[in-house]
Every structure is written in C-alpha cells, then in structure tokens.
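Input: a single structure, listed below in structure tokens.
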Amino acid sequence: MSIPILSTLIFFPVAGGLSLLMVDRNKTHLIRMMALIIGLMEMLISLPLFFLFDKTTPRMQFTELTPWIPALNINYSLGIDGISILFILLTGLVTVLSILVSWEAIQDKVKEFFIALLVLEGMIIGVFCALDFFLFYIFWEAMLIPMFLIIGIWGGPKRIYATVKFFLYTLVGSLLMLVGIITLYYHGGQTFDIRELARHTYSPGLQMLLFWAMFAAFAVKVPMWPVHTWLPDAHTEAPAAGSVILAAVLIKMGAYGFLRFSMPILPDATRAMMIPMIVLSLIAIVYGAVICLAQTDLKRLIAYSSVSHMGFITLGLYGLNTQGVEGGILQMINHGIVTGALFLCIGMIYERTHTRVIADYGGLASTMPLFAGFFMLFTMAAVGLPATNGFIGEFLILLGSFINRPWAAFFAATGLVLGAWYMLWLFQRIFFNPVNSKVVGLAELNLREIVILLPMVALVFWIGLYPDSLLSFMHVSVAHLLDQVHGGADAVSRVAVVLP
Amino acid sequence: MNMINWATFEPLLPEMLLVCIGLALICLDLFVEKTRELLPWLTVLGCVTVLGMVIGERNVTAFGGMFLTDAYAVFFKVISLLSVIMATLMGEHYRRVHGLRHGEYYALMVFAATGMMVMASAGDLMVLYLGLELMALSVYCLVGMNKGEGRSTEAAIKYFLMGVFASAILLYGMSLVYGLTGSTTISEIARYTAATGLTENPALLAALGLIIAGFCFKVAVAPFHFWTPDVYEGAPTVITAFMSVGPKAAGFAVFGRVLLSGFPELQPHWGSLLATLALLTMAVGNLTALVQTSIKRMLAYSAIAHAGYSLLGVLAGTADGLSATMSYLLIYGFMNMGAFAILVLLSSRGAHHESLDDYRGLAKSHPLAAALMLVFMFSLTGIPPTAGFIGKFYLLRAALGAGYTWTVIGAVIFSAISAYFYLRVVRYMYMSEPEGELDFSYTPGISAVLGLALLGVVGLGLLPGTIIGWAASALLGQ
Amino acid sequence: MIPLSWYMALAAILFSIGVYGFLTRRNIIIMFLSAELMLNGVNLNLVAMSYYLESMRGQVFTFFIITVAAAEAAIGLGIAICLYRNRQTVYVDEVNQLKG
Amino acid sequence: MLMLLFFCYCAVVITGTGLLAVTLKNPVHSVLMVLILFFHVAMLYLSLGAEFLAAVQIIVYAGAILVLYLFVLFLVSLRDEVKMPRFVSSAWLGRLIAGGMVACLLYILPVFTTGAKGDWPAQRVQAITPTRALATEMYSASVLPFEIAGLILLVAVIGGLLLARREKDVHGDVK
Amino acid sequence: MPTYLLLIPFLPLASFVITLLFGRKMGTRSHWLPIITVLISFICALKAFTEVLAGNIVNQDLYTWISSGNLHVSVGFLVDQLTAVMLIVVTSISSLVHIYSVGYMKGEDGYYRFFSYLSLFTFSMLMLVLGNNFLQLFFGWEAVGLSSYLLIGFYYEKVSAADAGKKAFIVNRIGDFGFILGLFLVFVTFGTLHYEPVFANAEQAVGQTFSIFGMHFDLPTAIALLLMCGALGKSAQIPLHVWLPDAMEGPTPVSALIHAATMVTAGVFLIARCNPLFELSAVAMNTVTIIGAITCLFAATIALVQTDIKRVVAYSTLSQLAYMFVACGVGAYSAGIFHLFTHAFFKALLFLGCGSIILAMHHEQEVGFMGGLKKYMPVTYITFLIATLSISGVPGLAGFYSKDEILAMAFASPVAAGKFAWFIGTLVAFLTAFYSFRLFFLIFHGQFRGTREQKQHLQESPAVVTVPLMLLAVGAVGAGWFGVPEILGGDNHWAHFLAPVLGHPEVHLGYITESLLMSVSVLAGVGGILLAWYMYIDQPALPGELAARFPRAYRILRNKYYVDEFYIRFLVEPGKTFSSRVLDRIVDTNVIELAVNGVPRLIGALAARIRRLQDGQLPHYLTWMGGSALFLFVWMFTR
C-alpha cells in the first residue's frame, strides 16, 4: 500500500474540521455543507478498505509504520484486520448521519459543533486503526475532548453534570489502563506494538493485574455493570448527534478494546476471568433490561437498553468461541446501527416536541405514521426479530455462549423477553394509545430525515438477511484471535460438540 | 594552586552575558528614559542570545567540579531562559495594563535567571546555595513588586520568611554533609560516601533529610508547600507564571543533581520518602484545587500537584526518571505559561479577573482566548494529544520502571481528580452564558507567549520524540 | 582539645533556639533575628568542622553565608517596611489576607 | 582546661543570650542580646582559628546587620510592642518542634563521623596565617561562589532599593 | 428451485412492501395487490401440493444465511407432505380472509395498512412452513408474531388493543425463550439446524444427557421440552395462553386468519415437524398430552360463561388447539394436523361469521345485546350453524372426523396420559358443543336485545363478506372427508398421505371399541347441543339462576381462573416494581450512583478540610514546615 489510507482516514476529518475554522461563523449553511461533504468524502475514502480487504489472512492490512518516539520504541503504527475494518466503515456512516441529524438541531456555535464532530470522527477511527498500544491510548483519550464538548455545550439541561461524569468516569478507567499499558511495556520487551506484546507470555499473576487495569478502561467504556451509570446521563443529555455517536461507535470501543488488547495479550487471564466476565455480562443484560421498565425518559430508556445490549456483546466476546466472538462483533455493528438509528429517531422527534418524557407522547402513529414505521422497524431490530440485523448478532452470541455454558445462555435469553417487554412498552406509549394533545399536528419526517434513516434501514435488512457479507470479513481474524486466546490447545471448547 | 585566567571563566560566558544584560537594563532604565519601551524586547533579545550560547555549550567541568556545563544543566538552563523570555513578553503586556516599574523588573528577572542557571550548573553545595539564594532574593523582590497592593507585599513577606527558614534548614543539612564527608563538591561527596561505606551512616541520611526538606520547599512539595498558594495568588500574575516554571525547574535541577549525583546509593531511602511526599503533594494540590474559585489560586494548587508528578521522575532515581522530570518541566513550562498568559490577558487595571466567574461564557465573547485556555487546561489535565499527556506518561513510565507501582496508581487517580477542576474552567468558558463584558486586546507580547505556549503544547504533544530524546541523551551523556 | 561534637552540640542548640524564636514570635523583626541565630548555628558548625577537617571549605562557606545573610537582611527589611506601609503592622499573624 | 572553660563560658552565654533574645518582650533588648551572642560566637571562631570570620562576624553581623535591624525596629515604631503578646497562638507547637529539633540534632552526634581531611593542616595554616589561607582558598577554588556572592549583594541592593523607596508608579498615582 | 415455490412466499412479501409504501396513494384500491398475490400464492400452493402428491419432495437451499464457525444456516425450502398441507391451509384461508376483509374493513383508517400487514403475515407464515431448517422456522415464527402484534394493535389508539398486541408479543417471546434454547440444544447436539440431518440422526441423541445448573437431563427430553415451550407460546397453551383471548382486540378477519386458522397452529406444526425428536422422549410426549388436555378443559370451561362473542370463539380456539396438542402428544401427528386442517375452516368460518355479525351490530361484540339475528342475516346464520355443528362434532362434518380421530388415538395411545386425555377430550367435546350452541342460540335466536338504533341497521353483510363465508362453509363440511377413517368406510387418505413425514402410529383398536368411542363422542356433542337448547331456548332464565346459585364458580370462570390477574400480580407488577423501586431507585440511584457521586462528595469534603490548613497564618505554615523537616530528619535517620 503506497497510499497511507488509514492515516488519511484519521486525519482527513481532523484537517477538514480545522479547515472550518476559516469559515465565517455566521455562514452556518456553508459550514453544514462543508461538514457534510467532508463526512461523505471520508466515507468515500473508506470504501477501498471494503473492497481491497483480503479476507483470507488474519494479518494486519493497510499497515503503516513510522517511528514516533524512538527513545521509547513508540511507533505510529496503523493497520486493520477483519475485526476493526467494520468499525471504521460504521464510523464513517454514523458521522455523516450525525451531521445530517444536527442540520437544524444545532443552531448555536454551529462551527464549533461540526469541528468537534469531525475531530471526534478522526480520533475514533484512530482508535480502531492503532496497532501501537500507546498510539491507541492517545486516540482513546483524545476522543474524550470533543465528546466532552459535544455533550457539555450542545446538550440538555443537566448536560454539565452528565459530561463531567462521562469524562471523569472514563478518565479514571483510562488512566488505570495507562498504568497497565506501561507495566505491559516493561514486561513485554519494551515495546507497545500489540502484535509483539501478544507474542510474549506473561506470568498469570501479572496477566491478572493487567487484565483488571484494562478492564477498568474498557468496562467503563462498554459500559459493563456496575460502571454503567455514566451512560444514561450522557445519552440523555447529549445532543442527538452525540447520542448517536456515543451509542453507535463510542461504546463499541470498550468491547473492541477487550478484543484487540485484553484477549490476545492476556490469554491466560482472559480464560481465567471468563466466568466473572460472563456473570457481569449477564447482570448487565438482565439489569439493563429490567431497569428500562422504570424509565420515564425516552433517551434514558434507550441508554439502559444499550447497557443490556452491550451485556450481550461482552457475553458473546467472553464466550470465547467462534460463534460468540463473531456474534459479538457483529452485534457491535448491529447495536451501532440500531441504537444509533433509535437515537436519530429520538433526535428528530425531540426537535419537534422538545420533550423526552415518555408520558408526553402517545398516538404518534396517527400524526407521524412514516416515522412510526421507521421506529417500529428499529424497535424490532432492537428486540432481535429475525431478518433484522439484531437477530443475527443475538443468535450467534447466545449460541456461542450456549455451546460452552448453557446456563449463561439461559439467563441471557431472558434478555430477549425483557427486551421485547420494554421496547414494545415504549413503542406503545409513544406511538399507540390515544393521541396526546402535545403531539397533535406534528410534522411528518422531511426528506432529509428520511434520507438519514434509509441507510440504517438498508443496513438493518442487509445484515439481517445477508450477514455473511460482514461475517466473512471476520472469520479468519476471529479464528486467529481464538488461537491466541486458547493457544491452539483448547480447541475442543470452541466448536459445538457434535454427536458421532 | 591553579591560576585564574580568562579561560577559566569561559564556561561561565552565558551567565556573565546575562549579568551584563541585567546591569545594562538597570542602567538604561535609570539613565535613558526613552528606551523604556524597548526594555522588554532587549531582554528577550538578550535571553535569546544567551539561549543560543547555552545550547552551544560544551560539556565542561570547571572550577574544580563546582560548575558543570553538561547537557543536564543545559536542559534546565533552557527551561529557565524560556521562562524568562515568556515572562518578559507577558510582562510587556502586563506593564501596559497595570504599570510595573520595569527597569528593575526585567533586571531582577534576568538575575533570577542567572541564579537558576547557576543552580542548574552547580556541582558544589556552595555554588548551589548561592545560586539558589541569588534566584530566591530576586524572586522575593519580584513578588513584592506591586508595593501598592497589600497582597503582593503579604506574598513577599510570607515567601521571604518561609524561604529563609527553608534555607536555614537546607544549610544545616549541608553543614552536616560537609562534616561527614569533608567536602561540598557533589561528585566528591558521592565518591567519598561510596568509598568509605558512609552510605549506612544514619547521620548522613538525617542530613540528607534536611537537605531534601529544603529542596522540597523550593519545588513546593507538601508539606512544604504552604507558601505556594498564598504567594502565587499575591504575586503579580506574570511573576506567578514565572515562578511556577523557572524557579521550580531550577529547584528540580538541584534536587535531581544532589540526589542522583550526590547520593545515588541512598536511593532506596530517599526514594520511598519522596514517593510518600509525592503522593501527599498530589493529594494536597489536587484536592485543594478542587475547592478554589480563583483560577490563579487554582493554578497555584495545580502547581503543587504538578510538583508531585514531577517528583515521580526524581524518586525513580534513574536516568530515565530524571529525563522524564526534565521533559515534564519543559512541557509544564509551556502549558502553565500559556494558562497564566490567558490570565494576564484577561486582567485589566483595577480588576484582576482571576475568578472563575469571570470566565463565564468566554467562548462566546472571546473564542480564541477560550480555545487556547481549553488547550492548556486539557494539557494540564494530561489528555492526549497535548504535551501534558506525554509528560505525564513519561513520568509514570519512569516511576513504574523503578517499581513504584502504588505511587503511580495514586498519581493517576489524583490525575483523574485533577480533571475535575481543570475542566471546570472549560465548563465555565464553554458551557455558561457570559455575565459581564470583558474587554481586552492582544498585544504582541502576549500573542507571542500564547503562540509559543501553544506551539510547545501541541508540538510536543504530537512530536514528543525530539524532546524526550534530548532529555534522555542529556542524562546518558552525563 | 575540645571535641568537635561539643561545638556541634552548641551549634545545634543555637540553631534550635533560632527555630524556637522563628516559630513562636509574632514580630517579624524578631523572626529575622531568629533566622540569624539559625544561620549562626550553621556557621558555627561549619567553622568547627572546617577546623577539625583541616579544610578551609567550611570557613569559605561561612563567609558566603554571612554575605547572603546580609543580603537577606536588606531585602527582608525592605519587605518589612513595605508591609508596614501597607498594613501598619509587623506582626506576622496579622498578615493573613491570602488564604484558602 | 582553659579552652574548656572558655568554651563552656561561651556556650553558656550563647545559649543564655539566645534564649533571652527570642523570649524578651522588648525587641530592642532582643537585639542587644543577639549582639552579645554574636560577640561570643566570634570568640568561638577565634578559638577555632577563624580570625577573619570572627572579624566579619563582628563587623558585618554585629556592626551592620544588627544596626539595620535596630534601625528598622525604630522605623516601624514600637508603640504598643510591650503590651502586645509576644508569641503567636501556636507557640506551644513551635516550642515542641524546637525542642524536638534540638533533641534530634543532638541525638545524631554519637554516630557523627568526620569526613576526609582537607589540605589545610594546622601547621600549613599557621605558616601563612589563617586569614591568608582563607583568602587563598577563596580566590582559587572558590572564586566562582565568590563572584556569585557579589552578584547576590548587587541584587540585594537593587531589591532593597526597589522595595523600600516610596515612588510614583508610571500612571502617576502616589502610593 | 422451481419458480412457483419462490412465488408462494415472495409474492405476498412484494405485496406487503408495495402496499405499505404506496398504499396511501392507492387508498381504497390498496386491497387489489394483496388479494391477487395471495390468490396466485394459493394457486402455486395447489401446484406444490400436486407435485408432492406426485412424489416430488423438494428440499433445496436458496442461499447461505448465516455462517459462523461450524454453524451454517441457509434459507431454503422443504416442501413435503406436511408443508404442502400447511401451504394449502394458509393460502386458502388467507385468500378468503383477504377477500372478506375488503368488506369488513371498508372505510377503516389505515385500510392499506391492514392489507399490507395481511400480506406480511401471509409471507411470514409461508416462510415458517416452507423452511427447511429450524432457524428459518424461527424466522417465520417471529415474523408471524410481528404481524400478529401489528394486526392486534391495528386500532392502536385503543389502549386495550395496543396492550393486547404487546401482550401477545411478549408472551410469545416467553415461549420463544425456550424455543431458541431448544434450537441451541439441537445445534449443539447435531451440529446443524437443518431438518433433514437432524431428524435422520435423531436416534443418536437417545441416552445422551444434557447438563445445566449441575443437573442432568435426558437430551431428547430436554430438546423436545424446550421446543415445546415455543409451541406453547404460539399455540396459546397453558400457561402461555393468556394472550390469545386478548388478541381478539384485533380486527375480526385477523382473528380468523391468525388467531384461529393459521398462526396459532404453528405450535402444532412445530411439534408435528419435529416428531422424530419428540418420539424419542416419553416424558415430552406425556407433557404435551397433559398440557393439551388441561388446556382443553380449562379453555372450554371458560368459554361456557363468556359473553363477548369473539372471546367465546377464542377460548374455543384454545380448546381446539389443545386437541391438536393432545394428538401430537399421543403420537397421532397426522390426526393433529388433520384437526388443524379442519379447524382452520370451521374456526375461520366461526370468526368470520362473528365478524359479519359484528359488522351488522356496528362493532358490538357483547352477546347480551344480540339475539334473533336469524331473520336479518340468513347467510351468516346458515354458515355459522354449519361451523357450529362442525365444531360440535356432529357426524358428517369436518370437525367430527378430526376430533374423533384424535380421541380414538388418545384412547389407543400407549402414552401414559392417553386415557386421561381421551376422557378430558370427550368431556370437552360435550362442553364444546354446549358453549358453541349457547353462543349460536344467544346470537341468532330469541329476541333482539340491542338498542333500537342497532336494530334499524341490522342487515346481511355484502357479498364480499358472505361469499367467503359460504366457501369456508364448504370447507367446514367437507374438509373432514379427506380423512374418513376406515371404520366409517373411508380409507383415511389423510394419514396415509402424511405418513412419510409424520409416521403413523400402529393402533389396533377393535371395531367395537372404535365405534363405541365414536358413539361416546357423538353423544357428548349431541348432549351438549341439547343442553344448550334446553338452557338458552327452552329455559332462558336457567343460566342466570345457575350463575346466582354458584357465584364463586361463575366468578372464577368469568374471570378466566384469574390467570391474567395472577400473572399481573406476581410477574408483571413485581417486575415493574422491582425495576422502579429496587433497581432504579435503590441499586442505581442509591448504591451505584451513591458510590459514583459519593466519592467526589467525599473528596470534596476532604478537600475542604485540607483547605482549612491553608488559613493564611504564616506561623502555622512555618510550624508545619518545621515539623515536617523534623519528620523527614527522623524518617531518614531511622531508615
């Protein structure tokens, strides 16, 4: 690869965002258009990844390597494999949609908003590309700044509490991970290259310590129970675009962290901590779902449902078998699409009503049938109806966890029931029931909003009906990952036990 | 008996030039009224020249080991000079707004810089002490400069009295070391202790304890930090900025030099002591900063906290650690100067605008100032990709490498806590509506400082390789 | 011949008396005096050691300390006068506007 | 024996006057006590073969610094000095610390060992007189600190001037 | 893959999409596309049926749906005898209901929406029956659930309708909870989810155990019971029956199509389809039988006292589904499917008849306001009578043959619960006849009890409604003739046709036994009819007296044994309370958040204390410094 495509992907939006600085702040339309064009170009740039990606090798592709801090053996090292490629594509899409959904919702400090959004995009892509643990950390933390601003400046009434909580929560976790990273550096041959680090073996005690250090950062980001309480606040207060990015990609970074770092580098600890992780995931699934039933705030409910869904994802990942991990990764994408779409929808409706209280809605299906249709579709994807993407992920996750630990699947499957309960209840309270006087005469979705939602619909069905198009990207990489985790020895536990 | 001739003084050239500049400044101020406007620029010019000379210095051990111009010294001299340059530029702005008598102001700053450079180069306790006093006396005067203002004088008297006390303690420790080793030259002390097994002598350790106490005062390590908030708040803002960078760096220069060159064998002893003190410092600095409503005072506490972080590198007792501290001090210099420059920028005659409330909605009325402050605040928090993160990372790495895991964990936790009060500034600027009108303008001086600081914070954040490489080689070459 | 430790003991006592005065007296001028006592303690130490170590370094050091003490006195008294002008006090516990 | 008596005398006087200096009510008395103390320290210097320093002690310390203190004491007026409390409210802690300090400083003396002998044995010093020996040392090995000390005095002059003078600031307001 | 097969499900799908997107513009013409497509599907289904009759079994994959590790699932079609039958049932009833709906739904808001949902349902149901693997079955399973949800909640502005839709979905999900675990177990056991290899290797699961929570279960039993869970939910058997009566909130054609004829029978279809697995476990078979029997009785008794006409029919549906369960439970799968087939016609007819009445009554469903409709609605009357007779098991009509087959099989079954099931089944046959005719009499006979206004508008429904009724009436009469048992001179084509898939239990009932059994059930049916006549025509005051004499029993039946209340009281409300009181208010807010916010608060308090040290008093600072210096001195000295 002579063209540094990944660097371009990371820095193009950043540079693009900064180029907005030069635009007069009153020309908001121009700013929006520019942001949109930058976002679209970014998507365009990411397309070659999709087509040129070699699915037959677990090796990192599109790699770039430049010494950065030679004294410490820190390199600017990028590359993607079948696990990370999808997130990059997703990030590009979600950013464009976020730009579109902010089109009219953001009226104050427009310029700054789009700068923050584009910079955020670059940082997130950086997270998914980095092959150097240090570099990863840089992106991981740098992304906090724009997100902090997006929630804090353009958020709801309690935005400051929410954003500070978000920031501090994640920062504490990240800093503990930093300690872990440095420790790893010393024990892993003075390098931050994750492939090198994965090649080393560490004593079980050390692995355990490092595991918890990384856990601190990743679990908060996921967020796993019981470090999830920042999420409802952040989601609730963030502007629509913020919620979308948060739900769609940002919290995926936690799960991605587990996949990319915890598992291959600390295989023994990963195996040892499998059960606790599964138990935490199960708690998250059930807890997140049940607590949704008590929510009166629209966004808060979806936020808690994210906790539940992310529980599924971590459950899948820590199933440590092909179906579980592939399902987990796929579900990350799916959750990004579905919850992202739900937040997009909520953003659209919030723009009209300026209320997030569920009780203020009712009978919306009469006033906004098209919107109701979209929302229904995403609701169904969220509850995992077959033929939607949500099903594929949940099915693979549950199957994966059933293969090795049926009890885990047993508890997790209750999430299916509870998920249907709270989602449908939500749907009923918003769209069904007698028409609430507060929603009378709301305008139906406009073209821009339909255009935003259509790609999500397409993805819901595309993945739901033809998941192989994405799963095929990860087969080899996941197999490689599992080899690393199980050291090739424990292969039996990875496949279903087939009768003779 | 060695003869004293011109060549002997050659390594001293930059310092001598600096003294000459100082004298010239006073003379110009006294006798040539018209040049007053030019004095800050002359100072900057002179300092830049000296900076050039310093960087070009050869590694020489002069005056029988009393004066070392090794790369370590050069590094700290660069920090000192940078702090003077930036403070001078800031002072140029400050003068326009507040009106300080400036001839002495620049001269004293230059003399303080001379003191710092002497400290950085000191290879002997006597030289060290004298350099320290040279710097300290200049700074006492600078702090008390706003004679009309009660708090400036209060700061000066507090600083002075505590400084005197700390010097006395330091001196007592030095006298004991002299008695125990028969020398005041650091390399000599190290050689003697190693040769005679003095390392196990409790008296030597106790004396070292007193010396550490003296140094801790200089770099504002808890529980010797009590002067810092009061003095930082009371002193003219420019001086505060200067103090938080230059003199502190010089303090660390001698701290590191004495401990690592003078008493390397005692590292297990002073390492654990310093680890405790570092944690205490971070705790005090970060926690107390949480409840401040004045940004200036908050930055003072943050300076304490950062002293705690910087100590991580020293206590590691390795070349790695020391180079981490060095890099950190340089980075801290940029970001802290930047933050103070914003403070200076916002202050106007009669109103200091140091309260958090004055920053409400700054992003709306003055987006550029707010954006810069944002960068500096994130850098002080230690969030990448700013230089503050790189510095902190390097320190943590060094301390972990030396095995101080729990200290490091404490450090990161306090670092997370610190995010709260740094972000509060950002919150006030970006997430509140403006209350009153703030009127200020960018002068060339302050613009230059801001630009320099931004360049440092972002540049070192994105391309930290050079600085870290330089700091590391400074120690390897030692 | 008087042992070195006697001198050192006296120096220690002198230093501690200085500390005592420094920590307890309200009057800033007396605090300056106490600081001089501390420095004298150090000086005594150095001169005695210098004698017993057959080295001139201690004496030289003492000489510089005295010089510095003089310089400090000048500046300290300058600040004290400033303070007196501003606040009409030389009592250290009345100088407490900066706090928190 | 005579030396011993002399030392004991000096020690008692130094301790006594020191204590008096820091406890007496009237600051002027304190200054006088310190004056006596300085003289006795100077005598000890003499007994330790530091003639020059003894002289400096008298001239600089007693003659210059103390006079300066006295001067300032009068300048800041002593209206109610004797009626005001001498000690700060936390003095008991100060006493405790001072007591602790003397105890600790004395406690380390038994383990104190003297370091390497220097190159100025008594006979060599006596051969050229102690003052000359000091000068030799000062202007050769210690020439650098000497220069810096000079600079410190310069700063003290500038600083003292700066701080003590009444002035108009650039904006013309009388302070 | 033959094109006609593809057309069967995908034409309705296309119709769904097109109608949903453009229906608004098509307005009152939006029914055309769905009707045409479903008719074509019906024709294709007939073609498929003939192909199967000719022995052409299709089992083909369309494409690989999911592939992960050793999991490979396709979308593919299996058209065998069972599927063929189901295709006919689904497409034929669906076609009729489509046509019927044109009349029934006329002028409703969301007319196009209704038809698009019907198409969606048809598509889903067809995918369900056509699938050649468990996952596709599950897909259809859930998709019919969705359609059901949408159609029950069609009048979404009515809270009860919205609630009912939600309830249906959630209760079904509870069943699916077991179902999906069953799928996993199948996969773990056989390494595939395709029917063919699974059923071919089913025998190998015998004797294996499955461990969970430290307990060991017989593997075939575990699989069968888990799959049964799904069936219980979809076919509304105890304890997951609660959704079906509420589902009557949907438009009546929906009740006929989804909640009587097709979707609810998916559970039976599932068990029949998985008969090789169920066969391996006596425990599972007995469980199915017993649940069927209990539901059968349970629903019938409730139906005795209900006054909402659709609810009565709904409970009768429950009861009839339970018959099918009993059939499956005793291994008489073909009998079960046979009953499914006949039931589809007469129950759809009953529902559509109800719809016709409701239409005439202006959406009045309380039987208390009806009466004497005979003279106003002759066609409805006749067809309703046929259906009622059919369900009552009057010989010659469809219901008779299938029900009798089941009872006979149950009696003859080697399965332990068979006799019990037979007894209950016969009893319920009596009850069924009774409540069906009770309903019939209350509607069509006696005096009209509605308002004057309602009376003025009473009239026969239009042809678009009555023609489907008549067509269904033909089915309700003749559907049973496919399976006339040998004893009545038939040769039980039905069982033989399905035998390749469902097997045929070797039953040896003597001629006498069999005729005796038949007589008993016929007597039960006739007895029920007579009793109904006696109570509602002859002595109309008697029911009221009985209700007054046995108030408790009446109340319990009226309130459906308080099962809903039980669930709400012990599952739903505790769930919500637990959620809001415990999780939201205690765990999240007071435990986790307390820790999260408490730590900063603690830090703040600590900070305030530390701050107090900085009191501006220089002597204090100096004391601290002196003390600290001393401390350092001592620390180092004592090292």
Side-chain angles (χ1 to χ4, degrees), chain A residues 14 21 25 66-72 74-76 108-109 111-112 115-116 123 126 134-135 137-145 148-149 151-155 159-161 163-165 167-187 190 209 213 216, chain B residues 320 323 327 363-364 367-368 370-371 374-375 377-378 381-386 389-390 392-401 403 405-406 408-420 423-424 426-432 461-473 476:
Chain A
V14 176
L21 278 174
R25 60 173 52 251
T66 315
W68 188 28
I69 311 178
L72 304 186
I74 293 173
N75 297 309
Y76 176 79
D108 186 35
K109 303 197 183 97
K111 186 162 88 170
E112 285 84 351
I115 294 174
M123 295 302 111
F134 183 81
L135 185 65
Y137 189 83
I138 298 267
F139 287 125
W140 173 271
E141 287 269 73
M143 161 237 97
L144 283 179
I145 302 175
F148 172 76
L149 296 176
I151 299 175
I153 301 179
W154 295 277
R159 60 185 190 274
I160 292 182
Y161 172 72
T163 197
V164 170
K165 194 174 180 183
F167 195 94
L168 290 183
Y169 235 120
T170 18
L171 188 67
V172 172
S174 308
L175 283 170
L176 288 176
M177 175 171 77
L178 180 63
V179 178
I181 294 177
I182 300 168
T183 313
L184 195 60
Y185 169 83
Y186 281 114
H187 290 90
Q190 307 250 345
L209 280 178
Chain B
D320 226 21
S323 68
S327 324
K364 198 154 211 168
L368 178 63
L374 174 111
V375 173
M377 285 298 129
F378 275 115
T381 319
I383 305 289
T386 57
F389 166 71
I390 300 290
K392 210 169 264 177
F393 162 76
Y394 203 27
L395 283 170
L396 299 181
R397 178 183 161 277
L400 268 178
T405 312
W406 290 108
V408 166
I409 289 175
V412 298
I413 287 171
F414 285 121
S415 177
I417 291 174
S418 78
Y420 183 79
L423 292 186
R424 190 159 54 180
V426 177
R427 263 164 47 201
Y428 272 74
M429 292 191 302
Y430 278 86
M431 300 164 199
S432 315
L462 294 178
L463 301 167
T466 38
I467 151 96
I468 285 175
W470 182 24
S473 65
L476 293 178

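These numbers were taken from a predicted model, which means no experiment stands behind them.
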When you compare the side chain of [Y] with that of [X], does any pair of heavy atoms fall below 4.5 Å?
X	Y	answer
B/Val412	A/Leu176	yes
A/Glu141	B/Thr381	no
A/Leu178	B/Lys392	no

Contact part of [X] toward chain A, heavy-atom cut-off under 4.5 Å: side chain, backbone, both or neither?
X	answer
B/Phe393	both
B/Tyr430	both
B/Tyr420	both

Atom [atom1] of [X] and atom [atom2] of [Y]: how far apart are they, to the nearest 0.5 Å?
X	Y	atom1	atom2	answer
B/Ile390	A/Ile74	CD1	CD1	7.0 Å
B/Arg427	A/Tyr161	CZ	OH	12.0 Å
B/Ile383	A/Ile138	CD1	CD1	10.5 Å
A/Ile181	B/Leu400	CD1	CG	11.5 Å
A/Leu72	B/Tyr394	CG	OH	5.0 Å
A/Ile153	B/Met429	CD1	CE	9.5 Å

May I ask you to decide if B/Arg397's main-chain N or O and A/Tyr186's side chain share a donor-acceptor pair within less than 3.5 Å? yes
Look at the side chain of A/Trp68 and the backbone N and O of B/Pro464, then say whether any donor-acceptor pair between them is shorter than 3.5 Å.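 Not at all, since once roles are kept as given, no pair shorter than 3.5 Å links the two residues.
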Name the orientation class of the two ring planes belonging to A/Tyr137 and B/Phe389 (parallel below 30°, tilted from 30 to 60°, perpendicular beyond 60°). parallel
Before you tell me yes or no, could you show the steps for A/Thr183 and B/Val408 under side-chain contact (heavy atoms from CB on, under 4.5 Å), namely the whole-Å CA-CA distance, both residues' side-chain angles and the distance that decides it to 0.1 Å? CA-CA 11 Å; A/Thr183 313; B/Val408 166; over 6 Å; no
Residues A/Thr163, B/Leu423; criterion side-chain contact (heavy atoms from CB on, under 4.5 Å); working and verdict: CA-CA 10 Å; A/Thr163 197; B/Leu423 292 186; over 6 Å; no
Just give me the residue among A/Glu112, A/Lys109, A/Arg159, A/Met123 that pairs up with chain B most often, heavy atom to heavy atom, under 4.5 Å. A/Arg159
Given the options A/Phe134, A/Trp140, A/Tyr76, which has more heavy-atom pairs under 4.5 Å with chain B than any of the others?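 The answer is A/Phe134.
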At their closest point, which heavy atom of [X] faces which heavy atom of [Y], and how far apart are they?
X	Y	value
B/Pro384	A/Ile145	O-CD1, 3.7 Å
B/Gly465	A/Pro70	CA-CD, 4.4 Å
B/Ala419	A/Leu171	CB-CD2, 3.3 Å

Could you tell me which portion of A/Phe148 (side chain, backbone, both or neither) has an atom closer than 4.5 angstrom to a non-hydrogen atom of chain B?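 Contact with chain B is through both the backbone and side chain of A/Phe148.
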Sort A/Val172 into side chain, backbone, both or neither according to what part of it lies under 4.5 angstrom from a heavy atom of chain B. both
